[in-house]
Protein chains: 2
Amino acid sequence: MERQALHPTKDRLLDAAEELFSDRGIDATSLRAVTSAAGVNLASVNYHFESKDGLVRSVFLRRLEPLNNERLELLDALEITAAGTAIELEAILDAWVLPALRMGQSPEGKRFKRLLGRIYSEPGDSLQTLLRELFGEILQRFSAAIGRTLPELSAEELMWRVHFMLGAMIHTVADQPSIRAFSGGLCDPSDIEGVRRRLIDFVAAGLRSPPAKKTTGQSPGTRK
Amino acid sequence: MERQALHPTKDRLLDAAEELFSDRGIDATSLRAVTSAAGVNLASVNYHFESKDGLVRSVFLRRLEPLNNERLELLDALEITAAGTAIELEAILDAWVLPALRMGQSPEGKRFKRLLGRIYSEPGDSLQTLLRELFGEILQRFSAAIGRTLPELSAEELMWRVHFMLGAMIHTVADQPSIRAFSGGLCDPSDIEGVRRRLIDFVAAGLRSPPAKKTTGQSPGTRK
DNA sequence: GTCTATATCCTGATAGAC
DNA sequence: GTCTATCAGGATATAGAC
């Protein structure tokens, strides 16, 4: 209906909002701050996006829709090549991780990723709804593919492991500064190939670990 | 200096704030909402906590200080028992995970965990500072213990894996509703023993995976 | 489509009586 | 320690001229 590229005002608003939301948080960013950073008028937000909530939604949609489409295209390609046989686990994980890591190469991608980590934990109804809209279907697709590659896992076990996997991935994609600080500069989050290999190896090992093994170790109960 | 138990107003404020912060988010919760839920006067927040920021800090400190102390006690006990030899990996992970899972059994613990997930991604300076204060030291302790058990890992590799581990753990501890919804009710986050075993097995497998393996799989480049 | 001006309401914080 | 009343400012959203 609307051609985004023909709306410089709209794009300027999205850019400014993305930047400010990433730096200060969504709630802490006023529309005044957005419009003045964008160099446009305050009223233009409500004109183009109806409300602050609409602006927030658009900020996320603009990046996440292409990102998830890219992921799905990669998975489609893998499934076509596999032609019914199981796909290598690492390849599935790569199809999920690589588009996100690539996005983080550009400066806009970097700032968006900081913001992305917050969508999972922010409680606003509007964002939670958006999250389900955006990730419900694609998660089912990827979970199913992983399940086909690891058929020895029960449905419950699979879901749990995908959950852990998402935790590791979200934390890694979103949280660039913390790993740098925590490792004292030793780890370099901008080394895409390194992150990709390490993250995928870690997650693949977790997903493949023998199912239903009871913990054997000395359980640390109360002291003494 | 101050004896918390003797300050019913202070505790009522902390309880109400914790509840509201968890449900709506910190920024979205006004001091008026807190005080009226607590049944105390608006001015009492500034009297007892100096500012909204002080209240937020206290909400997190009240739960995280005992939690991390418990983790450290468990790790201390393990290191004493091991007496210089390597500690079993699963036992180290258990010392980190179990206190958090136990906390989540009580209703207050449950609501706090929802809030806890947010401390990592919220951008406020005050919270980021608190996060470093609370987790800087203890993370070094646990990382070092894991490194001693997995001496074949380089320092860099270890840091990355601990980072992935934290992602999985934070996401699991904090995000109770999403796994339930995502799995269609199949996974039960209140089953502490199940979560504990699954999470620890997953993370342990990731941590132990052979280091420096290059990814071999067909890299999903562009389609066709 | 863009702008100014403004309506309406809520925010955190405080002064000062009790 | 607790209360009332209020300050000074910022929030979203909109009405209406251009």
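The shown structure was predicted, so the numbers you read here are calculated from the model rather than taken from an experiment.
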task = Check whether any side-chain N or O of Ser44(B) sits under 4.0 Å from OP1 or OP2 of dC3(D), and answer yes or no.
result = no
Derivation of the salt bridge (Lys or Arg N to Asp or Glu O under 4.0 Å) call for Arg197(B) and Glu90(B) = CA-CA 9 Å; Arg197(B) 177 179 54 77; Glu90(B) 277 81 358; over 6 Å; no
Salt bridge Arg114(B)-Glu19(B), side-chain N to carboxylate O under 4.0 Å = no
message = Using a strict threshold of under 4.0 Å (side-chain N to carboxylate O), is an ion pair present between Arg198(B) and Glu156(A)?
response = yes
message = Between Arg62(A) and Asp15(A), does any side-chain N to carboxylate O distance fall below 4.0 Å?
response = yes
request  = In whole angstrom, give the distance that lies between atom OH of Tyr47(B) and atom P of dT2(D).
outcome  = 7 Å
ask   = Given dT2(C), is OP1 or OP2 found less than 4.0 Å from the side-chain N or O atoms of Asn41(A)?
value = no
key: Phosphate OP1/OP2 of dG1(C): any Thr9(A) side-chain N/O under 4.0 Å   = no
key: Contact nearer the 5' end of DNA chain D, comparing Lys52(A) with Gly39(B)   = Gly39(B)
query = Taking 4.0 angstrom as the limit, do Asp188(A) and Arg180(A) come out as a salt bridge?
reply = yes
message = Between Arg111(B) and Glu18(B) (salt bridge meaning N to carboxylate O under 4.0 Å), is one present in this structure?
response = yes
key: Candidate nucleotides dG1(D), dT14(D), dA15(C), ranked by approach to the side chain of Ala43(B) - the nearest   = dA15(C)
query = Which of the following nucleotides, dG1(D), dA13(C), dT2(C), is nearest to the side chain of Leu42(B)?
reply = dA13(C)
Pair Ser178(B)-Asp175(B), side chain to side chain donor-acceptor pair (under 3.5 Å): steps then yes or no = CA-CA 6 Å; Ser178(B) 124; Asp175(B) 191 82; 2.4 Å; yes
ask   = Could you state the CZ-C1' distance from Arg12(B) to dG1(D), rounded to the nearest angstrom?
value = 15 Å
inquiry  = Can you list, in residue-number order, the parts of residues 21-32 of chain B that come under 4.0 Å of DNA chain C, counting heavy atoms only?
reply    = Thr29(B), Ser30(B), Leu31(B), Arg32(B)
request  = Note down the inter-axis angle between the two ends of the helix from dG1(C)-dC18(D) to dC18(C)-dG1(D), five pairs each, to the nearest 10°.
outcome  = 0°
query = dT2(C) C1' sits how many Å from Lys10(A) NZ, rounded?
reply = 15 Å
query = So Phe202(B) and Phe202(A), would you call those rings parallel, tilted or perpendicular, with 30° and 60° as cut-offs?
reply = perpendicular
inquiry  = Whether Arg57(B) and Glu133(B) form a salt bridge (side-chain N of Lys/Arg under 4.0 Å from carboxylate O of Asp/Glu) is what I want to check.
reply    = yes
remark   = Here the distance between atom P of dT11(C) and atom CG of Asp53(B), to the nearest Å, is 17 Å
task = Could you check how far CG of Asn46(B) sits from C1' of dG1(D), rounded to whole Å?
result = 14 Å
key: His48(A) side-chain proximity, nearest of dA13(C), dT2(C), dC3(D)   = dT2(C)
